[in-house]
Amino acid sequence: MTQVVQLEKFGLDGLRPAQRSLADPGPGQVRVRVGAVSLNYRDLMMVLGLYNPRQALPLIPCSDGAGTVVAVGAGVTAWRPGDRVMGVFAQDWLDGEVDSRCGRRTLGGPLDGMLAEEVILPDTGLVRSPDSLTDAQAACLPCAGVTAWHALVAQGGIQSGDTVLVIGTGGVSLFALQIARAHGAQVIVVSRSEEKLARAKALGAFAGIHSGTTPAWGKAVQALTGGRGVDQVVEVGGAGTLAQSIEAVRPGGRIAIIGVLSGVSSQIDLRRVLMRSVRLQGLFVGSRRMLEDLGRAVDATALVPVIDQMLPWDAVRPAFEHLASGNQFGKVVLAR
Ligand SMILES: NC(=O)c1ccc[n+]([C@@H]2O[C@H](COP(=O)([O-])OP(=O)(O)OC[C@H]3O[C@@H](n4cnc5c(N)ncnc54)[C@H](OP(=O)(O)O)[C@@H]3O)[C@@H](O)[C@H]2O)c1
C-alpha cells in the first residue's frame, strides 16, 4: 500500500488522503519514493475540473515530482535503487517533433500523478535529477522548466545578445528568465507587482514593467529595446496580453503561446503579425529529451529553480490556494 492524495470530486474539497495498493514493479517498471512535488497552474485547473471536465476520478494530481528509485522490475538496466529521478510529464513523448500521441498520457491527468508516497512508472518515464538540485528543486523542472526550455531553446534557438520578454513571475516565466540569462540573453519582465519586478531584477532581468501602471507595455518594451523589439516572448497571459506581446516583438521575432491566464479568446489585429513576419508558436510542455537537456544545463550553469513556498507534504490545500491567489513568485512545492 502507499499513501496518496487523490481527487475524489472536482474542487479543492475533493482532495482527500487515501491508501492505494502498489504492486512490485513489473518488467520494465520502476518504483520511486517521491520526495517532493511542485504545483503547476495546470494541476489547479485539473483539480477544479476546468482542464478536463471528463477526467475520470479518483485521480492522483500533480504532474511534477522528484524522488528516489526504490525498486526496479525485470529487464530494467537504466535505473538502480538509490538513483535520484524526476517524472517525465508526457510519458510517451520521448524525443523529436510533437505528434498527436504526445499529449495523451500525461502525469497528473489523465494518468495518476506524483502526489503519492510511492509511484510506479515505466523506465522511460523517468529522467535523472540534476546532482546540483534537491528533490524539491528538481520537482520544479518537468512541466514549468521544460516548457520554458522548449520555448526558448528547443524552438526558439536563443542566442547570446537576444532580448526575451517574459510575462508574469510564475513558474514558467521565472524559468524562462533564468534560462535566458544562462544563454547570455537580456530579459524584460512584465508583472502586476512592483515588488515582484524588483525580485525579478535581482534574478538578472534588466528591466521590469508594471502592467497596471503601463497597460500599453508593448510600446514600453519597444522603447527599452531602442525601437527594435524583443526577439522572443514567453506568452503565458493569453487573451489579455497577446496584443501587447505582438506590439513588443521585433520583425521576424517569435511569440511562444504557452498560457491563457487572462482568457482564451480575444480579437487580434493580424496586420502587425503579417506585416512584421511575427512567428506565433503554440507549444505543449515538451519531451523527455528536453527534460534531460534542461537537467544537464541546470548542472552546468548552476541554475537554481525559484521556490516561492515549500510546504509540508500534508499542506495540499494551502498549497493549491496559494497557487490560485496568483501571489507566488516562482514555484509552490510540497516536500517531505
Ligand atoms: N502550453 C503548455 O504546455 C504550458 C505549460 C506550463 C504552463 N502553461 C500555462 O502557462 C500559464 C502559467 O503557468 P505557470 O505554471 O507558470 O503559472 P503560475 O506559476 O501560477 O504563475 C502565474 C503568474 O502569472 C501572472 N499572472 C497571473 N494571472 C495573470 C493574468 N490574468 N494576466 C497576466 N499575468 C497573470 C502572475 O505573475 P505576476 O503577479 O508577476 O503578474 C502569476 O504569478 C498557465 O496558463 C499554464 O496553464 C502551459
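Computed from a prediction, not measured in an experiment: that's the story for all the values here. In each ligand, atom 1 is the first atom listed, and ligand 1 is the first ligand listed.
Nearest heavy-atom pair across Ala138 and Pro142 is O-CD, 3.5 Å. Considering every non-hydrogen atom in both Gly145 and Leu294, the closest pair reads C-CD2, 3.4 Å.
For residues 202-229, the salt bridge (Lys or Arg N to Asp or Glu O under 4.0 Å) pairs, not counting sequence neighbours, are Lys219-Glu247, Arg228-Asp231. Contacts classified as salt bridge (Lys or Arg N to Asp or Glu O under 4.0 Å) and involving residues 320-336 (residues at least two apart or in different chains) are given here: Arg317-Glu321. Listed by first then second residue, pairs satisfying side chain to side chain donor-acceptor pair (under 3.5 Å) with a partner in residues 173-197 number zero, not counting sequence neighbours.
Using a heavy-atom distance under 4.0 Å as the criterion, the protein contacts of ligand 1 are Tyr41, Cys143, Thr147, Gly168, Thr169, Gly170, Gly171, Val172, Ser191, Arg192, Lys196, Val236, Ile258, Gly259, Val260, Leu261, Ser262, Leu283, Phe284, Val285, Leu323, Gly326, Gln328.
Side chains of Val30 and Leu121 form no contact here, defined as non-hydrogen atoms less than 4.5 Å apart.
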